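Heads up: the structure comes next, in structure tokens.
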There are 4 protein chains.
Amino acid sequence: MKSKAAPAATARGGKKPGKAGPRGGPSVMAAKRSTHRRAGEITDAAAQVFAELGYHGATTQKIADRLQIRQASLYYYFPSKEVALERVCLQGVAGFFETAQAIASGPGRPPERLAGLMRAHISPILDRGNYVRVFLTQRQFLPNASRRRVGKWSRGLEQIFEKVIREGMRSGDFRGDLDPRLTALAILGMTNAVASWYGKENASIERIGGEFAALVLDGLKGPGRKARR
Amino acid sequence: MKSKAAPAATARGGKKPGKAGPRGGPSVMAAKRSTHRRAGEITDAAAQVFAELGYHGATTQKIADRLQIRQASLYYYFPSKEVALERVCLQGVAGFFETAQAIASGPGRPPERLAGLMRAHISPILDRGNYVRVFLTQRQFLPNASRRRVGKWSRGLEQIFEKVIREGMRSGDFRGDLDPRLTALAILGMTNAVASWYGKENASIERIGGEFAALVLDGLKGPGRKARR
Amino acid sequence: MKSKAAPAATARGGKKPGKAGPRGGPSVMAAKRSTHRRAGEITDAAAQVFAELGYHGATTQKIADRLQIRQASLYYYFPSKEVALERVCLQGVAGFFETAQAIASGPGRPPERLAGLMRAHISPILDRGNYVRVFLTQRQFLPNASRRRVGKWSRGLEQIFEKVIREGMRSGDFRGDLDPRLTALAILGMTNAVASWYGKENASIERIGGEFAALVLDGLKGPGRKARR
Amino acid sequence: MKSKAAPAATARGGKKPGKAGPRGGPSVMAAKRSTHRRAGEITDAAAQVFAELGYHGATTQKIADRLQIRQASLYYYFPSKEVALERVCLQGVAGFFETAQAIASGPGRPPERLAGLMRAHISPILDRGNYVRVFLTQRQFLPNASRRRVGKWSRGLEQIFEKVIREGMRSGDFRGDLDPRLTALAILGMTNAVASWYGKENASIERIGGEFAALVLDGLKGPGRKARR
DNA sequence: AATGAATGAGCCTTCATTCAT
DNA sequence: TATGAATGAAGGCTCATTCAT
């Protein structure tokens, strides 16, 4: 029922309504926007199905089902399943990196910046959970070219976390006996895991962010374990 | 190099056994326990392929290739790909739960027990990495029955962590304003993530265990929230 | 090229047991009997499974299951599934033809002989039901050579029925406006059908035989339908 | 000659439609009802192959061959081989039951009605022989659900025959010492058998129907058993 | 913008058969 | 006599993708 929206046009060459004609007709902007809207819905559906079933477990049929269109129609929006994955993955990290970089090189002492990074890392799960999940668990199935491209961003993120940790160690905000690399991985593991259970636990993104930041910051700051004995 | 080898030899009648007999294996003496050994090898190969490609991305052909046997031969050892996944998953958690329970209810103060749990959680990655990875990321594709069975163990593990955290809060070893559930999930996220990068980073399981335990324990113990402000 | 009928002997020049060794060894009779007993059980099992599932629906595994032996062991008793079918089919008509011929050319007037034929045709269903069923419905799947051989017997049987009917017409026992061929096929259809429901209906072979004979004989004899009006 | 035709054209991209496009069909005009027509042709082909080889002996490849389409294309028309069998079986009895019921409860004395039933039972063999044959010999291989559904019709038919026979006995048209059940089975056996040899014998459906009816009716009417002694 | 029809490629699984023991 | 291990050859079915409309 959703789908019947557009007259279907099948037979009866019925002018085919909305969506602006081929050549810069009346409203190009409108056309673009509406195309984009639909394209966004397609990618949303793909993200959801990929997130649920995994790239290889997903079928174009399942994606089409969710959109209430026919399977063949998908190919109007993307040229291949792989490209669909690529798009989902790209949107899964879109902005991530820039945001992180801005926070990392922004104002505030290392602890605050690290807390900011963590919150920024968790928050997209709220409104783009499926995209993030797909990026985290399915990007390995991208064709080589795009996997490497996307991989760069991941590694970049890790380094941003690492850098802030290093700065905190240098500044004395964090204790000096940390392994910055392992620590970054620990934090990222913790935050990434949120994507796998968020929605099943009743905790808001804000609470999770706060809790995690507190936990980690205290761990990093402390006078070290022996000091406490 | 794959199949073209033998010209098929028509049908009934002729047969041409040639081309590497059934068991071109090395040691005739070792043939006795071979059934068991072989079964183990089969599961190992399945674990490896499932870990690399995911359950749906894996093909029985790839598993057979790794074993240097024909694909059909796999079915002498397991009745279906799904069962193979189930076996891998079961071995992925085998002992996990019991070990964790023993540690949790064993001697020592909560911090020590929690550190023990973390180390015990990470250590199987060393010798059963593929099994653990498959369990962590592919168990969702098990048929309903076994997924539920296996799921119980996961949830059990979470509760063990949670319990020890609660005990630590009560005993005063950990600060009192923690959310035990979220904290458990944070720790498990951190440790589970190890499976995804162990081997790519040059850090031993021991060092990782130590580092993570320190990080977390200090975070839990901490000077409390006010110290942060 | 098909069946390898000849000695099979493959490896291990193993004497080839059954079927009376080349030279009259120690106890040919004993060997024969025991081999035969077992061989009979094997054929029974095959007949049963073929009857239930059809030749193509049957698997050697199912036959082995019924015998509580392993699938590979079957091949000690027959060289191929096709040969097993052939044996079952042969036993399905064994004696049939000779018996029928004896009855047809025996004493008695045509009606009695036809009744005898019908009874003889139905009776093997009692003790060899599966063999008969397989012969009737699965012989089409025999390899060409044996199918033709077996087919001869079927056609022979039809002709025997036809012949007796013709004799009855000539002798005046049956009315003269019959089509002997169609009549024979009608009778055979009726009697063959018994194999498909005998055991599900509560009627003994004797009663069926009597009832059918009465029905048919009265139909054949009568003064014809118009006479009765 | 089968598949090697097109060099596969690598993967994504190129594609080489050549080699008889999707629909190298004859008439473009006829394309409108093609879906329905095509579906009918598919079922026809399935019926033919099932009739010839049996359900288990048939392969979807053979069905596709007969239609000159690729095997995978079959699955555009039915979701599984089992469903194809179900459809064939359903068409094999379609109308059968209703027609029979109409005749049985229609006008005419029992003998005429029985003769009508027999003719109606034989006649579909003319234009739907394969469907009928498949229904008669392969319905046992239907999945449980549909087998039971279809089985009801068979049993219903038997009862219709039985009922008319009973009525004839009561009315005095048939003699009183019949076993109505066995008699019905005898008649059905006779008429069903036609499906197995019709086309090989040179007799028209009409002649067969007439001959059989005469044979049976006289048998049922007959001078009674004593006359036989 | 969407779809019906079709297809190539491949996957999981079954099965008859072999062979050394 | 019998079996464990293995395999070649299909067979049913799925799926991404194409293409004309």
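Residue numbers start from 1 in every chain, and the chains themselves are labelled A, B, ... in the order their sequence lines are given, proteins ahead of strands. Keep in mind the model is a prediction, meaning the values are calculated, not measured.
You'll find that the side chain of A:Ala72 is closest to F:dT18, out of F:dT18, F:dA2, F:dT14. Minimum atom distance to the side chain of A:Tyr77 is reached by E:dA2, of the listed E:dA2, F:dA2, F:dT17. Considering only the side chain of D:Ser80, F:dC13 comes nearest among F:dT7, E:dT3, F:dC13.
Going from atom CD1 of A:Ile69 over to atom C1' of E:dA1 covers 10 Å, rounded to whole Å. Rounded to an integer number of Å, the gap from A:Gln61 CD to F:dC15 P is 9 Å. The distance from atom CG of D:Leu74 to atom P of E:dG8 is 13 Å, rounded to the nearest whole Å. We find that NE2 of C:His56 is positioned 12 Å from C1' of E:dC15, with the value rounded to whole Å. Summarising the geometry, the separation between NZ on C:Lys81 and P on E:dT17 is reported as 8 Å, rounded to the nearest angstrom. Atom OH of C:Tyr76 is separated from atom C1' of F:dT1 by 6 Å (rounded to the nearest Å). Straight-line distance from the NZ atom of A:Lys62 to the P atom of F:dC15: 7 Å, rounded to whole Å. In this structure, D:Phe78 atom CZ and F:dC13 atom P are separated by 8 Å, rounded to whole Å.
Within the structure, a side-chain polar atom (N or O) of C:Thr60 is placed less than 4.0 Å from OP1 or OP2 of E:dA16. Phosphate proximity of F:dC15 to A:Thr59: absent, as no side-chain N or O sits under 4.0 Å from OP1 or OP2. Contact between the side-chain N/O atoms of C:Arg70 and the OP1/OP2 oxygens of F:dG4 is found at a separation under 4.0 Å. Distances shown here put a side-chain N or O of C:Tyr75 below 4.0 Å from the OP1 or OP2 atom of E:dT17.
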Which dot-bracket string fits DNA chain E when only Watson-Crick or G-U wobble pairs with both atom distances under 3.5 Å count, crossing pairs get [ ], and | stands for a partner on a different strand? .||||||||||||||||||||
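Between A:Tyr55 and A:Phe141, the ring planes are parallel. Angles under 30° get that label, and only those over 60° would be called perpendicular.
At distances below 3.5 Å, at least one donor-acceptor pair connects side-chain atoms of A:Arg147 with backbone N or O atoms of A:Leu142. At distances below 3.5 Å, not a single donor-acceptor pair connects side-chain atoms of C:Lys62 with backbone N or O atoms of C:Phe50.
If you check every strand for non-hydrogen atoms under 4.0 Å, B:Ala58 touches sugar and phosphate atoms only.
Here OH of A:Tyr77 is found 8.5 Å from CD of A:Glu41. Values are rounded to the nearest 0.5 Å.
Contact of the A:Tyr75 side chain with the A:Thr60 side chain is registered, since non-hydrogen atoms from C-beta on lie closer than 4.5 Å.
When only modelled atom types and interatomic distance are considered, D:Gln48 and D:Asp44 share no side-chain donor-acceptor pair under 3.5 Å.
Both C:Gln71 and D:Ser73 sit near DNA chain E, but only D:Ser73 has its closest nucleotide nearer the 5' end.
Using a cut-off of 4.0 Å between Lys/Arg side-chain N and Asp/Glu carboxylate O, A:Arg66 and A:Glu52 are scored as salt-bridged.
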